[in-house]
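First the structure, then my questions, so here it is.
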Amino acid sequence: LQTVLDASRELDVVALVGLPLLVLGADSGTFTNAAAMQRETEEAGGRFELLHCLHWPLTECRPAVEAALIRWAQQF
């Protein structure tokens, strides 16, 4: 239950931190609304990337995660 709550909680607190933010989502759309996640991430000053995987990008599609991290880091 905690995992589901974490995945659906709003990012208001993140915007207050003021650190670079990259949010990776899976395109399966099982637990999150990609459009809402993108909007909230951008409102917090971050970048949202939707990756082609079923549920857990960090374990299911590592090459796509690595590419997203490189693209994101190039802005600095």
Side-chain angles (χ1 to χ4, degrees):
L1 180 60
Q2 183 65 39
T3 302
V4 173
L5 292 175
D6 286 344
S8 62
R9 120 176 109 201
E10 293 187 20
L11 298 175
D12 294 339
V13 175
V14 176
L16 298 175
V17 176
L19 297 174
L21 173 66
L22 173 65
V23 175
L24 302 174
D27 66 0
S28 65
T30 305
F31 292 105
T32 59
N33 176 322
M37 290 296 293
Q38 181 169 0
R39 183 186 68 252
E40 292 175 14
T41 301
E42 290 174 355
E43 286 174 0
R47 179 174 178 166
F48 177 75
E49 291 237 7
L50 193 62
L51 305 178
H52 180 66
C53 38
L54 294 175
H55 188 65
W56 300 109
L58 293 175
T59 57
E60 293 175 13
C61 52
R62 294 181 106 176
V65 169
E66 181 179 345
L69 285 169
I70 290 169
R71 282 190 300 275
W72 177 72
Q74 287 175 338
Q75 70 182 318
F76 301 106

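Throughout, residue positions are numbered sequentially from 1 according to the sequence presented. Values below: every heavy atom of this structure, side chains too, minus hydrogens, waters and symmetry copies.
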Handout entry: Atom pair CD/CE of Glu42 and Met37 - distance to nearest 0.5 Å
Key =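 Between Glu42 CD and Met37 CE, I get 11.5 Å after rounding to 0.5 Å.
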
Exercise for the section: Count the heavy atoms belonging to other residues, nucleotides or ligands that lie under 6.0 Å from CD of Glu66, then report whether that count exceeds 12. Expected result: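 Open.
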
Problem - Distance, nearest 0.5 Å, that separates CZ of Arg47 from CD of Gln75 - result: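 These two atoms lie 6.5 Å from each other.
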
Handout entry: Which atom of Asp27 lies closest to which atom of Cys53, heavy atoms considered
Key =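 That closest heavy-atom pairing would be OD1-O, 3.2 Å.
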
Practice task
Verify, without hydrogens or angle tests, whether Glu60 (side chain) and Leu54 (backbone) share a donor-acceptor contact under 3.5 angstrom.
Solution key: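 Side chain of Glu60 to backbone of Leu54, a donor-acceptor pair under 3.5 Å: yes, one is there.
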
Exercise for the section: Can you establish whether the number of heavy atoms outside Arg62 located under 6.0 Å from its atom CZ is more than 12? Expected result: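 No, CZ of Arg62 has 12 or fewer neighbouring heavy atoms, counting only those of other groups under 6.0 Å.
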
Practice task
With rounding to the nearest 0.5 Å, note down the distance linking CG in Leu21 to CH2 in Trp72.
Solution key: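 Spacing of CG (Leu21) from CH2 (Trp72) equals 7.5 Å.
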
Problem - Non-hydrogen atoms of His55 and Ser28 that approach each other most closely - result: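 Closest approach of His55 to Ser28, heavy atoms only: N-OG, 4.3 Å.
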
Exercise for the section: First locate atom CZ of Arg39, then atom CZ of Phe48, and finally report the distance between them rounded to the nearest 0.5 Å. Expected result: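 Going from the CZ atom of Arg39 to the CZ atom of Phe48 covers 11.5 Å.
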
Handout entry: Exercise: identify the closest heavy-atom pair between Phe76 and Pro20
Key =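 Shortest heavy-atom separation between Phe76 and Pro20 comes out as CZ-CB, 3.4 Å.
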
Exercise for the section: With rounding to the nearest 0.5 Å, note down the distance linking CG in Leu69 to CD in Gln74. Expected result: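 With rounding to 0.5 Å, CG (Leu69) is 11.0 Å from CD (Gln74).
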
Practice task
Heavy atoms only: give me the nearest Pro57-Leu51 pair and the separation to one decimal.
Solution key: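 Heavy atoms only, the tightest pair is CB-CD1, 4.0 Å.
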
